[in-house]
Amino acid sequence: MDLAIRQLHPLFAAEIRGADLSRNIDPATRNAIEHAMDEYAICVLPEQTIDDERQVAFSRLYGPLENASAVVHQRKAGVIGPRVKLPEIFDISNVDENGNLLAGNDARWQYRQANELWHSDSSFRQKSSTWSLLHARVIPPSGGDTFFADTRAAYDALSEAMKKKLDGLEAEHSIWYSRSLRGGYVPTDDERAARPPAHHPLVRRHPGSGRRALFIASHASHIIGWPADEGRALLDELLAFATQPRFVYVHKWRVGDLVIWDNRCTLHRASEFESNAHKREMRRTTIIDTRGDFGVGL
Ligand code: OGA
Ligand code: MN
């Protein structure tokens with residue numbers, strides 16, 4: 001297949017046309033998408049008519065997938081059940097197992113709303129993720145855009161003094177920390193035990209491009225070995241820096257868009273829409289980073 005690639009933002013993000021994911025992808029196309037991802041970090045593939053099986057099959061071309069059903073809360077949220085049969089599918093939707101709108105005070109919706117904080121998927125796992133792939137099935141008439149920030153460009157733009165300061169530092173990441181930021185969802189002891197925190201360097205080298213990237217955001221609670229408030233202040237400063245408008249691409253969804261983002265070198269967040277009046281149904285697959293932390297240090 002011949003791919004047409006068009007950059008969407010001066011720093012990163014591209015649209016790729018010419019790959020029909022409802023059919024089998026040949027190795028050249030598979031590799032061309034990987035190369036585009038290494039360069040642009042976010043790729044939008046519009047007009048993809050795919051079901052869960054096709055999404056899982058395509059995603060698997062790039063590595064093993066996270067198991068959504070292994071997460072107790074996802075299971076409770078009805079991810080596995082009448083709506084979604086495959087354990088690899090994360091149901092990023094504001095509807096219940098029967099397809100009805102979730103109430104604003106429903107614990108499942110509160111849990112998912114933490115997506116409105118800047119984050120990198122699965123940074124709270126010791127083996128975090130390379131890419132996430134999100135497919136739009138139903139979108140609301142307005143709002144619900146997804147914001148993406150380029151943490152390679154942000155790292156490049158830091159002062160030399162700041163780059164030195166960050167060298168060798170590690171942060172602790174926990175899903176329960178980010179959930180606590182919004183109030184709302186409170187985990188059980190079992191849930192807490194099932195998802196312990198992870199430690200990652202603040203700066204890592206992105207293997208496909210060789211560029212360094214900040215690895216921060218809402219799951220990161222503090223810097224290892226630093227007083228909590230000092231670590232928090234540094235993490236807040238870095239997040240504010242990395243999410244300045246010049247580093248951000250805003251994606252306005254169309255039904256059928258498959259957006260792939262690289263969690264190692266971008267951050268993202270959901271944005272508001274009228275969730276008590278309109279449905280927004282998205283399906284996500286997430287590729288496990290089997291290499292773990294890589295290329296640490298200057
Ligand atoms: C996700 C996520 C953002 C959105 O699926 O991981 O953060 O806009 N989604 O739905
Ligand atoms: Mn996410």
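Whatever order the structure lists them in is the order used to number ligands and atoms, beginning at 1. Values in this document were obtained by computation on a predicted structure and should not be read as measured data.
At under 3.5 Å, a nitrogen or oxygen of H268, whether backbone or side chain, sits near a nitrogen or oxygen of ligand 1. Considering backbone and side-chain N/O atoms, W253 never comes within less than 3.5 Å of an N/O atom of ligand 1. Between T146 and ligand 1, a contact under 3.5 Å exists for at least one N or O pair. By the 3.5 Å distance cut-off applied to N or O atoms, D121 is counted among the residues near ligand 1.
Take the Mn ion (ligand 2) as the corner point: the lines to OD1 of D121 and to NE2 of H119 open at 100°, to the nearest 10 degrees.
Taking a cutoff of 4.0 Å between a charged side-chain nitrogen and a carboxylate oxygen, R30 and E34 qualify as a salt bridge. Using a 4.0 Å cut-off between a side-chain N of Lys or Arg and a carboxylate O of Asp or Glu, R17 and E15 qualify as a salt bridge. Using a 4.0 Å cut-off between charged nitrogen and carboxylate oxygen, E88 and R60 count as a salt-bridge pair.
Those atoms of ligand 1 with a heavy atom of I92 less than 4.0 angstrom away are 5 (O), 10 (O). Per-residue contacts place H119 under 4.0 angstrom from the following atoms of ligand 1 (heavy atoms of the residue considered): 7 (O).
Between the side chains of D121 and S132, at least one donor N or O sits under 3.5 Å from an acceptor N or O. Under the 3.5 Å distance criterion, with hydrogens and angles disregarded, a donor-acceptor pair is assigned to the side chains of R137 and H135. Checked by atom type, the side-chain pair R284/T286 shows a donor-acceptor distance below 3.5 Å.
Ranking protein heavy atoms by distance to atom 3 (C) of ligand 1, first place goes to A270 CB, 3.7 Å. Given atom 1 (C) of ligand 1, the protein heavy atom at minimum distance is R284 NH1, 3.5 Å. Annotation: atom 10 (O) of ligand 1 to nearest protein heavy atom, R280 NH1, 2.8 Å.
Closest of all the heavy-atom pairs between D38 and R152 is O-NH1, 2.9 Å. Residues S129 and E66 come closest through the heavy atom pair CB-OE2, 4.0 Å.
Not a single heavy atom of M282 sits under 4.0 Å from any atom of ligand 1. For the ligand labelled ligand 1, residue W261 lies inside the 4.0 Å heavy-atom shell.
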